[in-house]
Participant: 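One structure coming up, written as structure tokens, with questions to follow.
These numbers come from the heavy atoms of this one structure, side chains and all, not from hydrogens, waters or symmetry mates.
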Amino acid sequence: MSVERPSSLLCARRRLLVAACAAVGAPALAGAPPVLLRFSHVVAPDTPKGQMALRFQALVHQRGGGRIRVELYPDSSLWGDDDEMEALRLGAVEMLAPSLSKFGMAGVPEFEVFDLPYLFADLAQVRRVTQGAVGRGLLERLARQQIRGLGFLDNGFKQMSARHALRTPDDYRGLRVRVQASQVLGEQMRALGAHPVVLPFGETQRALASGVVDAAENPPSNFLTQGLAALQPHLTLTQHGYLGYAVVTHPRFWESLSRVDRALVDDALAEALAHGNRLAEALDRQALATLRQTPGLRLHALGAAEREALRRHLRPVVDGFGRSVGAGLLRDVQRAIGSG
């Protein structure tokens with residue numbers, strides 16, 4: 001099931017892709033700075049990803065002496081979930097920060113380990129994976145799909161929203177739930193008796209309003225900034241899955257930069273990612289506090305027995321990932337989690 005894009009937006013994006021195709025491989029004109037770095041993402045500027053991108057832009061402009069111009073395109077204003085990876089491949093954008101779920105469909109299914117239910121208890125456990133040897137190895141695997149991984153960014157833990165509370169597996173039965181294009185996420189919803197519906201993030205609000213889907217999973221900051229409380233009066237604090245991103249570029253663009261400019265971008269991005277990760281927990285706490293005061297919205301906290309019932313229903317998803325993608329990777333991730 002899908003939602004149609006406005007035809008004018010589709011046409012504009014197709015023209016950009018055609019132009020990018022023609023430009024791929026064309027030699028750069030000598031002495032034609034500044035280098036243009038277009039950074040496209042799909043969420044609002046006041047989310048952890050949006051704030052990270054703003055910090056990155058500011059640092060590059062401060063330190064680059066005008067050699068690199070960073071243009072930011074938030075809220076799917078340039079490319080959306082369904083076309084940004086193709087745009088990167090064709091040179092129509094230089095930097096993205098897709099959710100980790102997207103890399104499975106891009107040919108690197110190992111990234112779907114981050115989608116597994118109840119794998120991480122908190123962001124400290126996530127960072128033992130993303131900022132250690134396992135994380136570096138995963139970024140290196142992107143090279144087989146002509147993607148250069150530059151770093152990880154947290155958002156937070158996902159909660160479930162619907163028109164009623166989702167406290168037990170029976171509460172999910174028959175619901176159409178918006179998910180990202182991830183095999184693991186689809187299997188999670190099917191394990192609960194729900195129907196997964198893959199939709200770009202930018203179309204979630206419209207799909208909920210029109211009844212295309214009945215429910216969705218989002219960290220509080222995304223739920224708040226997308227105005228979903230007006231459409232989903234019940235937010236259940238399931239804390240069932242992690243949502244994070246990887247900042248990526250194309251090797252062709254990366255190699256086109258001078259050694260000095262690569263170091264500049266690398267250092268600025270490392271600082272911006274650290275800034276975004278510091279904000280992730282604070283913004284989620286602030287968003288939850290705001291949501292608790294939102295008229296017409298009810299928040300539901302799960303008890304230990306309710307959480308364990310959901311975990312038990314979802315355990316086959318974890319086992320299936322180990323069989324299909326690799327028990328070794330799952331062991332490595334669990335070992336990293338327990339290293340703290």
Participant: Looking at residues at least two apart in the chain, or sitting in another chain, which of them share a salt bridge (Lys or Arg N to Asp or Glu O under 4.0 Å) with R285?
Facilitator: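 Testing R285 for salt bridge (Lys or Arg N to Asp or Glu O under 4.0 Å), a comparison that skips the adjacent residues, returns none.
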
Participant: What donor-acceptor contacts under 3.5 angstrom involve side-chain atoms of residues 274-283, with partners at least two apart or in another chain?
Facilitator:
unit_1 : atom_1 : unit_2 : atom_2 : d
H275   : ND1    : R55    : NH2    : 3.3
N277   : OD1    : D154   : N      : 2.7
N277   : ND2    : L273   : O      : 3.4

Participant: Under the salt bridge (Lys or Arg N to Asp or Glu O under 4.0 Å) criterion, do E84 and K102 qualify, and how do the steps go?
Facilitator: CA-CA 10 Å; E84 63 179 3; K102 291 194 67 176; 3.1 Å; yes

Participant: Can you tell if the side chain of V126 reaches within under 4.5 Å of the side chain of F157, non-hydrogen atoms only?
Facilitator: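 With C-beta onward as the side chain, the pair touches.
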
Participant: Excluding sequence neighbours, so at least two apart, what forms salt bridge (Lys or Arg N to Asp or Glu O under 4.0 Å) with D75?
Facilitator: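 Per chain and number, D75 pairs via salt bridge (Lys or Arg N to Asp or Glu O under 4.0 Å) with no residue.
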
Participant: Taking atom types as modelled and ignoring hydrogens, do the side chains of E112 and Q183 form a donor-acceptor contact shorter than 3.5 angstrom?
Facilitator: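 No pair is found: no donor N or O on one side chain lies under 3.5 Å from an acceptor on the other.
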
Participant: So how far is it from L314 CG to R190 CZ, rounded to the nearest 0.5 Å?
Facilitator: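 Between L314 CG and R190 CZ, I get 12.5 Å after rounding to 0.5 Å.
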
Participant: Regarding T225 and D46, do their side chains bring together a donor and an acceptor under 3.5 Å, going by distance alone?
Facilitator: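 No, D46 and T225 have no side-chain donor paired with an acceptor closer than 3.5 Å.
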
Participant: Only counting residues at least two apart or in another chain, list the ones meeting salt bridge (Lys or Arg N to Asp or Glu O under 4.0 Å) with D284.
Facilitator: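 D284: no salt bridge (Lys or Arg N to Asp or Glu O under 4.0 Å) contacts found.
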
Participant: Any chance you could measure R67, atom CZ, to H61, atom NE2, to the nearest 0.5 Å?
Facilitator: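 R67 atom CZ to H61 atom NE2 measures 12.0 Å (nearest 0.5 Å).
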
Participant: What residue among R307, E217, K158 forms side-chain hydrogen bond (donor to acceptor under 3.5 Å, both in side chains) with H240?
Facilitator: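 Going through R307, E217, K158 one by one, the side-chain hydrogen bond (donor to acceptor under 3.5 Å, both in side chains) with H240 is satisfied by E217 alone.
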
Participant: Less than 3.5 Å apart, any donor N or O on the side chain of S161 or N218 sitting next to an acceptor on the other?
Facilitator: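 Distance-only check fails for S161 and N218.
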
Participant: Going by the rule salt bridge (Lys or Arg N to Asp or Glu O under 4.0 Å), which residues pair with R315 if we only count those two or more places apart in sequence or in a different chain?
Facilitator: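 For R315 the salt bridge (Lys or Arg N to Asp or Glu O under 4.0 Å) partners, ignoring immediate neighbours, are D319.
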
Participant: With sequence neighbours excluded, give me every ring-ring contact (aromatic ring centres under 6.0 Å, His included) pair touching residues 169-202.
Facilitator: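 Applying ring-ring contact (aromatic ring centres under 6.0 Å, His included) to every pair that reaches into residues 169-202, excluding sequence neighbours, yields nothing.
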
